[in-house]
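Taking it in order: structure first as structure tokens, then the write-up.
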Amino acid sequence: AAFGGGWLAVLAVRRGGPGGGGPRLARWAAGGRLALALGGGTVALYEWRSGGSWLRSARCGGAGALRCAVLAGAGWGRLALAAGTAAGTVAVWRAAAAETPRRTLPGHRGAVLALSYAEPRGLLASASEDRSVRLWAVGELGGGGEAVCLLVCYGHGSRVAAVGLRGPRPVSAGEDGACLEWDGSGGVRSVRRGHRGALRALALRPAGGCLATGGSDGGARLWRPRKEAPAEAETLGTPERPRAVLLVGPRRVLALGEAGGLAAYEAAAGRWVPLLSPAASCGPRGLLAAAPMCGGAEPLCALGGGDGRLLVFALGGPERAAKLKLFEGPVLGLSWAARPGPSLGPAALLVSGPSGTVLWMDVTCSPGQVPVVQLMGRYRLPPCKQRWHTCATFLPQGGLLLCGDRRGSLLLFPCSRSSSSDGTDRGTSGSEGTASQSEHSCLLHSEAVPLEDPLCVLFGLHGKTGVTSVTCHGDCIYSTGRDGCYRQLRLRDQQLEVLQKHRPCKGLQWIEELRFTPGGDLLVLGFHADNFVVWSTRSGVNLHCVPCGGGHRSWSYYSSPEADAFAYIKRGDVMLYHSEAEPCEQRVLLASLHGREITCVRHLGAVRAPGCHPINVFITGSEDTTACVLTLSELTRAAAPLARLSDHISSVRALALASTTLHNGTQLCSLLFSAGGRAQIECYRLQCAADLGAEGMVSCQVTHMASHRLDEHWDRMKNRHKLVKMDPETRYMSLSVVCGTNSEQLPMPCTFLVAACSDGSVRLFVLLEAAQKLLLVAESFHHQRCVLKVEAFLHTWAEEERKHLLCSAATDGSIAFWDITTALCIDILTKPLLPALGTPLLTVMAHSCGVNSLHIQELPKGRFLVASGSDDGSIHVCLLEVTRGSDEAKPGTCLHILERVVRPCSHAAHVTGIRVLRPDLVLSASVDQRLTLWRLSWDSLEELSTTFFHVPDLAELDCWEVEAGGEQCWYCVLCGQGLELLRCAALDTHCKLQSQGAAQ
């Protein structure tokens, strides 16, 4: 059975049942009968055959309403009930004598929310909203005697929603998102996290094995048993004080000393083996880098010194090293660059020196010989204080090298001209056989290679702390930095374009590298406070967490199918963390959507691969500060996230779409605007395409276009000290795109957007797509109170003259209509002062309190239907007519209300969603979880049909029309504490509402 507010059970037991309240627990009794504990404080026996009938029931005295319950015993005479109450006690009754409780278990300081009973052991576990879990020894549940409290467990940061028993130990799931397994002394034995929100459900096998969790994020996860003790770091020591460490295998560590000596740790012998003495090395202030070789060959190592020298050697033969004098000053940057495709050619080494010069050298090494180093290119970094490269990669597009520098910039260099063979010697080093090589100088031959400037510079993209890695995957380029973000880019016409900025998890201040697994997961390597973590974006958990003290000291990470290793320096010693590879601890059964309430939803469209069913694509915004692009299938009735947008710093309250186009039925393209808390608006370009090779699969590419924040706009204003600074708590409540702007008004491609603000203003923005800027162009504080909804609409005269109109609604129940045609002009950007929108043409007091839903439907002959819903549960619909003004010299726009109809108390709670489906049909949805279809006539608003949906705290709905098989129907999606899709079929005289699927 499934139970809770509004959810269905296996058997319908609510209507006509004794005691009232929803079912709290069901148990099969002998003869196919069902024993039920009802929320009203009643235990009942139900015969489910032959239409169902109540056989007997008993009122549990002395308890009141029940919050949770467990049942034990076979037959009515032995049936026992333990129930948690709102007073914090657990009461136990026998069904045959339920007048008074047989036992009462006090102790909790809040309502008891969950119980679990292990009959063979006689143990009862209880979980409460006081954040505690208690374990009781009760023996037989219906027996007498005193119950003993064995454990009191504190460790959750919020209410505990579910509890189970695994042997003698409790396992609990809380609203803090953690699943805790407790030990025999009441301490936390293990912690499992991964859900984006609160946990609500827990299932496990009492004898051990896997356990499953379900959360308010709509996700379900299966967890493998965890090994007893996690891996811990071991101290390796070091021959001399270490400066840098490098892993070249799971248990093979290289350590570079402060004096310049190089040593290797051999795990088999458990000791350090010297490779290079300080005299044979590059001296102090050295840098160390290694490149793995294909075919199991020894890695190539490079040592850069503080005096400008470079040593390159195979790890198996450090005595056969190529020695070069590169710079007059120190070597500042040293890294190996990855080449696209199979690594069969020479290894590419990049070295940075003083004055911002980067040298690209190809290294070829044959067994038993000195490596051959050839200078291939010279590059110049832009002037800055910290002028050296930190990472580099060759792009698969060919002829291009991408570098990241310590200033946080990305630089694109040409490499085809430099690498073309012209038969000249460009400073090579290395000859056959001998171990004592004379030192070669690249300074004498560097002039033969031209000094290249970058083709493209993204200056300071990752801030002043530097770029840490660049890599290519698929058709995209990824860069990471110490700003806690990684960015997705693409290459177009030898220019880099930033598609999107990602912040993988909260608190990750430093991202070092991204690794794409063969299974499709993305691993993020970085530092969370003073811990090194490997974060899985698929499961949302740390695969590894090593308390290393932070990333400011040298460290190295190595991953292979057999094991993972992490080496670092701490208190002057080399530490090694080693973990054998294991199957993933958790399996995602249902993907998570949002960790908190979904506040807004928009239907983007439907894509269809040839011969497949259409797939609907939606965008949702949430209180968890993210927006999500997802698909909701009618066949599987499951939601699948495609992309997550995490640029907002506060909640996402409103969404708007513009310029949505469908290409060949398989590709959707649209502009997405998202807005919310801290007066922040973000704009994206979405491209969704159906996968022609796999049914039901959709790919989504997101490009970040522009952003706007009012506090940043205020900081850029002149004489801002004379102005009133914006409230940092200002929120955007609603968005609407102005449609139908023509090229005569706008000489450049741009999109206008209207926003309703909590500070009492209506603001007009313009998106300049070519410049990727979102600018504020006009505003009005007419309402003087929070504006809840805005809706822009277009009226066209017979002479093709267009009038852009705007409707805004506020918390006082008023609806204002504006003419914003004159404001839609690029010339407005050149004005020194921000113009006002003027005064409204018409204001209507439609409701007695706030307007939570608004929709406008165009009719012929310049008329519009305006429907609104309010906090008081009422619906207001009016017929609006647009006419020309009587002044012939300066004709204006006049608005008239021709008809209106009001339906008070149409719902029992706030009307948060309303849509005009056609001139005679209106659809409304409310927090009372009712979706109602109304027939509109100017005499009344007649109810046609009502259905109950499963989404609590409804925030918004969106509707779209579909014609299938000659039948006209509408789909509507509802959001709140979940997401649900329903279908409305319009027949001749009535309409039917059918639920198509629900998620979360």
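Predicted model only: the values in this text are computed from it and were never measured.
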Minimum heavy-atom separation for [X] and [Y], please, with both atom names.
X: P242; Y: T238; result: CD-CG2, 3.6 Å
X: L332; Y: R387; result: CD1-O, 4.5 Å
X: G304; Y: C282; result: C-CB, 4.2 Å
X: L522; Y: L514; result: CD1-CB, 3.9 Å

Would you say [X]'s side chain and [Y]'s backbone share a donor-acceptor pair under 3.5 angstrom?
X: S281; Y: G260; result: yes
X: R339; Y: P396; result: no
X: T390; Y: G404; result: yes
X: S409; Y: G460; result: yes
X: K464; Y: G466; result: no
X: D362; Y: P346; result: no
X: W272; Y: A255; result: no

Residues which pass side chain to side chain contact (heavy atoms under 4.5 Å, CB included) with R243, listed by chain and number, not counting sequence neighbours =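 Listed in chain order: E258, R285.
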inquiry  = With a 6.0 Å cut-off (strictly less than), is the heavy-atom count around CZ of R490, excluding the residue itself, greater than 12?
reply    =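 Buried by this count: over 12 neighbours within 6.0 Å.
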[X]/[Y] aromatic ring centres below 6.0 Å:
X: F532; Y: F566; answer: yes
X: F527; Y: W555; answer: yes
X: H544; Y: Y577; answer: yes

Is there a donor in the side chain of [X] and an acceptor in the side chain of [Y], or the other way round, less than 3.5 Å apart?
X: S646; Y: H502; value: no
X: S352; Y: H389; value: yes
X: S559; Y: D564; value: yes

query = Could you go step by step and tell me if L246 and V253 meet the side chain to side chain contact (heavy atoms under 4.5 Å, CB included) rule?
reply = CA-CA 6 Å; L246 184 65; V253 188; over 6 Å; no
Show me the donor-acceptor pairs within less than 3.5 Å that the side chains of residues 476-484 make with the rest of the protein, sequence neighbours left out.
from : atom 1 : to   : atom 2 : distance (Å)
S479 : OG     : H462 : NE2    : 2.8
T480 : OG1    : T468 : OG1    : 2.6
T480 : OG1    : S469 : N      : 3.3
T480 : OG1    : S469 : OG     : 2.6
T480 : OG1    : E512 : O      : 3.2
D483 : OD1    : H462 : ND1    : 3.3
D483 : OD1    : C485 : N      : 3.3
D483 : OD2    : H462 : ND1    : 3.4
D483 : OD2    : R487 : NH1    : 3.0

Passing candidate, side-chain hydrogen bond (donor to acceptor under 3.5 Å, both in side chains) with H704, options K501, E497, E682, Q500 =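 Among K501, E497, E682, Q500, the one meeting side-chain hydrogen bond (donor to acceptor under 3.5 Å, both in side chains) with H704 is E682.
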task = In sequence, state the C-alpha distance, the side-chain angles, and the governing distance for L311 and L276, and then conclude on side chain to side chain contact (heavy atoms under 4.5 Å, CB included).
result = CA-CA 11 Å; L311 268 67; L276 290 173; 4.2 Å; yes
key: Ion pair check, R309 and D307, cut-off under 4.0 Å   =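 So R309 pairs with D307 through a salt bridge.
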